[in-house]
Each structure stands twice: as structure tokens, then as C-alpha cells.
Amino acid sequence: MASTLHSFASAADLADSLADKVADTLSAAIAARGAASIAVSGGSTPKAFFQALSMRDIAWDKVTITLVDERFVPADNPRSNHLLVDANLLQNKAKAARFVPLYQPAASVEEAARLATAKSAEIGIPFDAVILGMGGDGHTASFFPGGSNLAEALDASTPRGVITMEAEGAGEPRLTFTFSSLQDAALLVLHIEGEGKKDVLAKAEGSGEEADMPIRAVLRRATSPVEIYWAP
């Protein structure tokens with residue numbers, strides 16, 4: 001599916017524009033069926049976007065928020081994506097939204113993935129909006145090069161839901177939605193910042209194996225157009 005690059009002069013401009021776009025998308029879904037859903041990424045990049053979105057006038061009590069991926073750590077762990085979302089997005093007007101975490105207290109990450117998949121069924125997929133990030137190695141969500149379940153994660157025929165992922169450099173075991181769960185969102189966004197990430201994107205858009213740079217699966221095979229938001 002074709003992608004569109006939206007470039008901005010600053011990260012602040014990007015955050016405001018993306019917040020407006022997502023707010024419009026969620027509001028349209030609420031108008032159409034009375035509810036909306038969004039899955040967001042972690043890391044430091046989306047903080048300003050989260051803060052801007054949290055101030056938008058949306059019927060937040062009709063919005064469900066979840067994560068595209070999460071570390072297998074409790075919500076109060078400093079490395080938790082849940083903690084990041086709680087501190088930056090589930091604030092201001094967005095406090096009224098429902099949040100469905102991926103981390104579930106369980107004896108193993110595999111059991112946590114099964115529990116998270118069951119919870120995700122309550123949200124309904126496809127999502128109205130999915131906001132992805134990208135690492136310097138070309139990973140997105142927790143689709144890491146060399147990841148333990150990468151082939152399953154990128155297979156479009158894999159059932160929608162959450163699976164586990166372990167990879168060198170990933171730190172803790174991960175919980176991640178499958179490609180099949182993310183690729184047909186009404187609004188599918190890749191949010192990246194910095195010249196380095198633009199260089200990574202250019203490499204990903206070239207030839208090469210998806211397993212080497214898993215973001216290629218999204219850029220090449222997502223059934224929804226990919227809206228790329230970039231700022232220096």
C-alpha cells in the first residue's frame with residue numbers, strides 16, 4: 001500500500017497536526033458507531049503528541065486506548081509503556097478514556113499474551129487508529145530483527161491478537177500485537193523524528209528482506225495507507 005510523507009518544521013508542529021488528525025478520526029468513529037479505539041506506541045518520541053491529543057475535544061468516555069506493544073513488566077516499572085501513556089496521554093480531557101493494558105500479571109509472558117489477546121477482543125479490531133514508531137534497526141511495535149516469533153508476527157494470516165517476542169537488544173520479553181491486528185486500521189501512522197530516522201526510513205523503503213527491517217512489512221503490505229509523520 002502506498003505511503004504519504006508529512007514533514008514538519010518542528011516536533012511541536014508535528015504533535016499538533018497529528019493530534020488534530022487522530023482527534024478527527026476518533027470523533028468520526030464515535031459519530032458512526034458510538035465508540036472508537038486507538039493503539040499507540042511507547043518510547044520518548046510520542047510524548048508531545050500524547051500531551052497534545054489529551055487536550056483535544058473528543059467524547060473520551062467513548063474511546064478505548066491500548067498499546068501496540070509492551071514490555072513484560074508491571075505498570076509501575078520505569079520501562080513500562082503503560083507508565084508513559086498514563087503520564088502523558090491519560091491526562092487532561094483524555095482521563096475519561098478507557099485504557100486496556102497489554103501487560104497482565106501472569107506466571108509467564110506466554111500466559112500474559114493469552115490474557116492480553118482475550119482482553120483485546122473486548123476492544124474490537126480493526127482499530128480506528130494505530131500509531132507506530134520505528135527503531136534505528138527498522139523494528140516497529142516489537143517486531144525485532146531476529147525476534148523469536150518474528151515470522152509469526154509478520155504473517156498476515158496469523159490470527160489477530162497478542163503474541164510474545166524476545167530478541168537481542170530488546171531487554172525484557174515483549175508482548176506485541178500481530179501485524180494482522182495493526183495493518184488495517186482506519187488511520188495507520190508511522191511517527192518518526194530526527195534525520196537519523198529519516199535515513200532508516202529511506203533504507204527500509206528500498207530493497208531488502210522484511211526480516212532484516214520489519215517496518216518493511218508495514219510499508220509494503222499494510223492494507224491501509226501508511227501516513228508517515230516526520231520532523232527533524
Side-chain angles (χ1 to χ4, degrees), residues 1-8 11 14-15 17-19 21-22 25-26 37-50 52-53 65-71 81-82 84-85 88-89 100 102 116 120 123 125-145 147 150 153-156 158 160-163 165 167 170 174-194 196-205 210-231:
M1 179 62 70
S3 60
T4 302
L5 176 63
H6 307 271
S7 297
F8 298 87
L14 184 158
S17 180
L18 183 54
K21 180 68 172 179
V22 171
T25 300
L26 297 179
S37 61
I38 177 172
V40 299
S41 60
S44 59
T45 299
K47 283 183 179 180
F49 157 63
F50 286 166
L53 182 59
I65 301 170
T66 191
L67 291 154
V68 298
D69 69 321
E70 178 62 283
R71 296 173 176 85
N81 288 338
H82 182 164
L84 175 81
V85 169
N88 295 279
L89 178 52
V100 176
L102 295 192
S120 71
I123 304 172
I125 298 174
F127 294 106
D128 296 299
V130 166
I131 314 298
L132 296 170
M134 182 183 70
D137 59 357
H139 85 265
T140 191
S142 281
F143 307 156
F144 286 91
L150 182 61
L154 296 184
D155 188 341
T158 298
R160 298 180 192 269
V162 178
I163 64 172
M165 190 70 67
R174 302 293 185 104
L175 299 157
T176 186
F177 271 106
T178 59
F179 171 77
S180 62
S181 304
L182 305 172
Q183 54 98 24
D184 56 354
L187 174 65
L188 180 57
V189 172
L190 175 61
H191 175 187
I192 56 175
E193 295 179 10
K197 290 292 180 72
K198 197 171 186 181
D199 292 342
V200 174
L201 175 64
K203 183 178 179 181
E205 290 178 327
E210 291 179 1
D212 295 334
M213 298 186 77
I215 188 61
R216 286 176 173 148
V218 176
L219 296 171
R220 294 173 180 175
R221 295 193 283 114
T223 56
S224 294
V226 182
E227 303 290 336
I228 303 170
Y229 279 66
W230 175 82

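All values below come from the heavy atoms of this structure, side chains included, with hydrogens, waters and symmetry mates left out.
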Worksheet item: If you look at every heavy atom in Gly135 and Lys197, which pair is closest and at what distance?
Response: C-CE, 4.0 Å
Discussion item. Angle between ring planes, His191 versus Phe49, binned at 30° and 60°: parallel, tilted or perpendicular?
Written reply: perpendicular
Worksheet item: Between the side chain of Arg216 and the main-chain N/O of Gly138, is any donor-acceptor distance below 3.5 Å?
Response: no
Discussion item. Minimum heavy-atom separation for Ala204 and Ile215, please, with both atom names.
Written reply: CB-CG2, 3.6 Å
Item to complete: State the CG-CZ distance between Asp155 and Arg221, to the nearest 0.5 angstrom.
Response: 7.5 Å
Worksheet entry | Heavy-atom check, side chain of Glu205 versus side chain of Ile228, under 4.5 Å | yes
Worksheet item: Within the side chain of Lys47, is there an N or O that forms a donor-acceptor pair under 3.5 Å with the backbone of Asn88?
Response: no
Discussion item. Nearest 0.5 Å, please: how far is NZ in Lys21 from CG in Leu26?
Written reply: 11.5 Å
Fill in: Approximate separation, where rounding is to 0.5 Å, of Phe50 CZ and Leu18 CG
9.5 Å
Fill in: Any side-chain heavy-atom pair of Asp212 and Pro145 under 4.5 Å
no
Practice prompt. Taking Asn81 for its side chain and Asp69 for its backbone only, find out whether a donor-acceptor pair lies under 3.5 Å.
Written response: yes
Worksheet item: Is the backbone of Ser224 close enough, under 3.5 Å, to the side chain of Asp184 for a donor and an acceptor to pair up by distance?
Response: no
Fill in: Reported CG-to-CD1 distance for the pair Leu53 and Ile131, which is rounded to 0.5 angstrom
8.5 Å
Item to complete: Over all heavy atoms of both residues, which pair between Leu84 and Gly43 is shortest? Give the atoms and the distance, please.
Response: CD2-O, 3.0 Å
Fill in: Expected output: side-chain Ser180 to main-chain Thr158 donor-acceptor under 3.5 Å
yes
Fill in: Donor-acceptor contact present, side-chain Ser7 to main-chain Trp230, <3.5 Å
no
Worksheet entry | Distance, nearest 0.5 Å, that separates OG1 of Thr223 from CG of Leu188 | 8.5 Å
Worksheet entry | Distance-only donor-acceptor check, side chains Glu70 and His82, under 3.5 Å | no
Fill in: For Met213, the option from Val200, Thr140, Asp137, Leu201 that meets side-chain contact (heavy atoms from CB on, under 4.5 Å)
Val200
Practice prompt. Flag the pair Val130 / Val189 as yes when at least one side-chain heavy-atom distance between them is below 4.5 Å, and no otherwise.
Written response: no
Worksheet item: Are Phe144 and His139 close enough that their ring centers fall under 6.0 Å?
Response: yes
Worksheet entry | Side-chain (Thr45) to main-chain (Ile192) donor-acceptor, under 3.5 angstrom | no
Item to complete: Report the C-alpha separation of Asp128 and Ser37 in whole Å, then their side-chain angles, then the decisive distance to 0.1 Å, and conclude whether the side-chain contact (heavy atoms from CB on, under 4.5 Å) test is met.
Response: CA-CA 5 Å; Asp128 296 299; Ser37 61; 3.5 Å; yes
Worksheet item: Once you round to the nearest 0.5 Å, how far does CG of Leu182 lie from CZ of Phe143?
Response: 5.5 Å
Response to the item:
All heavy atoms of Ala167 vs all of Gly147, minimum pair found to be CB-CA, 3.9 Å
Worksheet item: Can you check whether Thr176 reaches Val68 side chain to side chain, under 4.5 Å on heavy atoms?
Response: no
Worksheet entry | Results of ring pair (Phe, Tyr, Trp, His ring centres under 6.0 Å) for Phe177 - residues two or more places apart only | Phe127
